[in-house]
Amino acid sequence: MENKNYTQVINITPELKSRIDELISHYPADKRKSALLPVLHEVQDAHDNWLSADLMAKVAEILEITPIEVFEVVTFYTMYNQKPMGKYMFEFCLTSCCSLRGAEDMLEYACEKLGIQPGGTTEDGMFSVVGVQCLGACGYAPMMQLGDFYKEHLTPAQIDQIIEDCKAGKIILHDK
Amino acid sequence: MAKKILLDKINIPGIKSYEVYRQNGGYASVEKAIKTMTPDAITEEVKASGLRGRGGAGFPMGLKWSFIDKKSGKPRHLVCNADESEPGTFKDRYLMEHIPHLLIEGMITSSYALGANLSYIYIRGEYMWVYKIIERAIKEAYAAGWLGKNILGSDYSLDLHVHCGAGAYICGEETALIESLEGKRGNPRIKPPFPAVSGLWGNPTVVNNVESISNVPWIVNNSGEEFAKIGLGRSTGTKLISASGHIKKPGVYEIELGITVDEFINSEEYCGGMIDDRPIKALIPGGSSVPILPAHLIYKTAEGEDRLMTYESLSEGGFATGSMMGSGGFIVYNDTACIVRNTWNFAKFYAHESCGQCSPCREGTGWMEKVLYRIETGHGTSEDIDLLWDIQRKIEGNTICPLGDAAAWPVAAAIRHFREEFEYHIQFPEKVKNRNHFVDEPFESIKHLVTK
């Protein structure tokens, strides 16, 4: 899977462009680069949750910076994906406080249920399961991030329900 | 009921909305500040309050404000650090999620005090739904005339925006945060120059934590002197504590500084005691970076005094027998927790989050993770404990930013207080293969097996 050359259809819709322009307007006119992180989130959300080199070059063009300036940021921050991920990405926090309350068990349960390894994606491209570092929900453990939202106080039964809801298209991923 | 400054209105239905917040006295501090106070007078009130930075460092906030360069004539900025990422800490999220206008009010009043006309709230990217809450609240504040040009008809103007990160603990360090806000990798800068002189885009900048800024409206409304009456000694005011781990009621609590650790853990008003009434084994009082305390140093200091929830008492005894208030990320462990496993877990976190600029941290955090992993999984050798000690000592103090110290301290404290547990892992490798080894057989019941 790692060596595949993935292709990505780039589509900067008018809605996306207008949101990007709004974000750029939050910084002084000569500091467009400052909008890079928020813009990358919007662009990634609108492009199946990942950023290809071509898409990064497009962002560079919009922000009037060089592609390497985008690439070095994308590779630094964990929330940007450089390869396709599942549409529904279960990100389980595994740091101490969550670990004390059974986070590993939940991650393993989800993997078993979906028939994948941690870090893997189902063949239909619907689900990924990954372990991540502290998400700031230590008092509500165990938990995971799904799109823009947190699912907290998880139990195996709830994970079952979330998977069903994803399959039924009932889960809202982004708060636009 | 204990004194509340930040959460006193949290239970009012609809307090998240502008209308309800305003009807309940919200934005009064902006009116008072802009109409009746000079910017310097506000800084003086904050100084008089004794408020110490709530992000973790505990630096006096008014003093930090007084360092901002006003002579150069460059634009000034206030940046709110909402990149809450210290394991164990989730209080800022609680404030922003449930009473977002309190932070915005604090940002306006504080920006006015600093003479900043363009300010930002930098929020971690994972809190995306909170980012949207803050973004909408800022729009409401603009619509109501609290932001924008000539606020309340004065000659003071302020633009405020929210900016999101993308998953990097290091961006909670103020100079890394500034780099990130400029659209770059979060590599901390060498200080000096300090942000107060050269921060965002080279302009004088103050970076303050969410909770710190949210205290400013109360201080402006009631005076710094009144604030200083709350709390104990130099630990003035209240503090939000994020409580997690093996306690009955995890969550965010506002405490008046000065209550005992015993009261906080065991009273019904706060944590409600230990889960299943199991014995307490350890406590991390201020987020993953601060030293862990063993059971006998939690409720009492080494001197036998009651351990209090104050900056001074939590650090009583230095690193030998004390810890730190830090961010107030309060993690409680019972006898089923494995300290080696927990220390490895944190080491993994720091190895993942090291930005890679300084070799002691970049290499050292990775080494600590690997050595701790082999001890935890029963592959350690008797030299490993000394090796770990040596690595952490070589990281501490040798890096540009405090992430190196933050990674070293938990390892040092774990070895200092729980050395026998490390030895047990090395002497009985078969007994630690299962990751729940101390759930099945708490260390307390088997520690006599360790031979020196």
Side-chain angles (χ1 to χ4, degrees), chain A residues 22-23 25-28 30-42 44-45 63 65 69-70 72-80 91 93-105 131-141 145 147-150 153 172-176, chain B residues 75 84-90 92-94 118 120 124-129 131-133 159 161-169 171 180-187 200-201 242-246 249-252 284 288 329 331 333-334 336-337 341-342 345-346 348-349 352-353 355 435:
Chain A
E22 183 191 359
L23 290 170
S25 77
H26 292 169
Y27 309 89
D30 62 339
K31 308 292 182 199
R32 290 169 76 88
K33 182 177 174 175
S34 279
L36 180 54
L37 273 70
V39 166
L40 283 172
H41 278 293
E42 294 287 344
Q44 175 168 280
D45 289 350
L63 292 178
I65 56 180
E69 289 173 276
V70 179
E72 65 178 13
V73 160
V74 168
T75 52
F76 186 85
Y77 297 92
T78 53
M79 292 182 77
Y80 302 129
E91 299 179 80
C93 172
L94 298 182
T95 309
S96 177
C97 320
C98 279
S99 176
L100 289 177
R101 305 299 287 262
E104 286 98 341
D105 297 342
V132 298
Q133 299 297 337
C134 185
L135 291 172
C138 321
Y140 322 116
Q145 177 161 26
D148 292 353
F149 302 97
Y150 283 5
H153 299 296
I172 295 168
L173 285 175
H174 300 296
D175 177 12
K176 299 293 178 198
Chain B
E84 180 168 70
S85 310
E86 173 86 2
T89 316
F90 47 100
D92 295 337
R93 160 193 165 185
Y94 186 87
L118 177 58
Y120 292 92
R124 66 179 297 181
E126 292 90 341
Y127 287 176
M128 192 52 79
W129 83 101
Y131 169 88
K132 296 290 164 67
I133 290 170
D159 281 310
H161 303 290
V162 59
H163 177 102
C164 58
Y169 169 70
C171 291
S180 185
L181 187 45
E182 293 181 359
K184 301 175 197 163
R185 294 165 75 91
N187 289 344
L200 181 59
W201 307 308
S242 320
S244 68
H246 293 137
K249 297 194 298 168
V252 175
I284 294 180
S288 60
I331 314 171
Y333 299 85
N334 70 19
T336 67
R341 186 170 186 82
N342 186 68
N345 188 301
F346 285 144
K348 192 167 58 160
F349 173 83
H352 185 267
E353 300 300 339
C355 82
R435 72 174 174 233

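Throughout, protein chains are lettered first and strands after them, A, B, ... in sequence-line order, and every chain is numbered starting at 1. Quick note: numbers below take in every heavy atom, side chains included, and nothing from hydrogens, waters or symmetry partners.
Ranked by heavy-atom pairs under 4.5 Å with chain B, the first of A:A137, A:C134, A:C93, A:G147 is A:C134. Ranked by heavy-atom pairs under 4.5 Å with chain B, the first of A:F149, A:Y80, A:Y140 is A:Y140. The residue among B:G329, B:C164, B:A337, B:P250 with the most heavy atom pairs within less than 4.5 Å of chain A is B:C164. Among A:E69, A:R32, A:K33, the residue making the largest number of heavy-atom pairs under 4.5 Å with chain B is A:K33. Comparing A:V73, A:L63, A:L40 by how many heavy-atom pairs each has under 4.5 Å with chain B, the most go to A:V73. Per-residue counts of heavy-atom pairs under 4.5 Å with chain B were compared for A:C98, A:S96, A:C97, A:P38; the largest is that of A:S96.
There is no contact between A:E91 and chain B, counting heavy-atom distances below 4.5 Å. For B:L200, no part lies under 4.5 angstrom from a heavy atom of chain A. Of the atoms belonging to A:S99, it is side-chain heavy atoms, and not backbone ones, that fall under 4.5 Å from chain B. At a 4.5 Å heavy-atom cutoff, B:E84 makes no contact with chain A through either its backbone or its side chain. Looking at B:S180, both its backbone and its side chain come within 4.5 Å of chain A, counting heavy atoms on both sides. Using a 4.5 Å cut-off between heavy atoms, B:C171 contacts chain A through its side chain alone, with no backbone atom that close. For a residue to count as touching a neighbouring chain, one of its non-hydrogen atoms must lie under 4.5 Å from one of that chain's; by this rule B:Y94 touches chain A with the side chain only. B:T89 touches chain A through its backbone: at least one of N, CA, C or O sits under 4.5 Å from a heavy atom, while the side chain does not. For B:R185, the parts sitting under 4.5 Å from any heavy atom of chain A are the backbone and the side chain alike. The parts of B:F349 that come within reach of chain A are both its backbone and its side chain, each placing non-hydrogen atoms under 4.5 angstrom from that chain. For B:D159, no part lies near chain A; criterion is any non-hydrogen pair under 4.5 Å. Heavy atoms closer than 4.5 Å to chain A are found in both the backbone and the side chain of B:L181. Both the backbone and the side chain of B:K348 come within less than 4.5 Å of a heavy atom in chain A. Interface remark: A:D105 contributes backbone and side-chain atoms alike to the contact with chain B (heavy atom separation under 4.5 Å). Using a 4.5 Å cut-off between heavy atoms, B:H352 touches chain A through its side chain atoms alone.
Salt-bridge check for A:E104 with B:R341: passed, with a basic side-chain N closer than 4.0 Å to an acidic carboxylate O.
Judged by a 6.0 Å distance limit and a 45° cone about the ring axis, B:R124 is positioned over the six-membered ring of B:Y127.
In this structure A:H26 satisfies the ring-ring contact (aromatic ring centres under 6.0 Å, His included) test together with B:H161, sequence neighbours excluded. Under the rule for a salt bridge (Lys or Arg N to Asp or Glu O under 4.0 Å), A:E72 has no partner lying at least two apart in sequence or in another chain.
If you check the side chains of B:Y131 and A:H41, you find no donor sitting under 3.5 Å from an acceptor. For the residue pair B:E182/A:S34, the side-chain donor-acceptor check at 3.5 Å is not satisfied. A donor and an acceptor atom, one from each side chain of A:Y150 and B:E126, are nowhere located under 3.5 Å apart.
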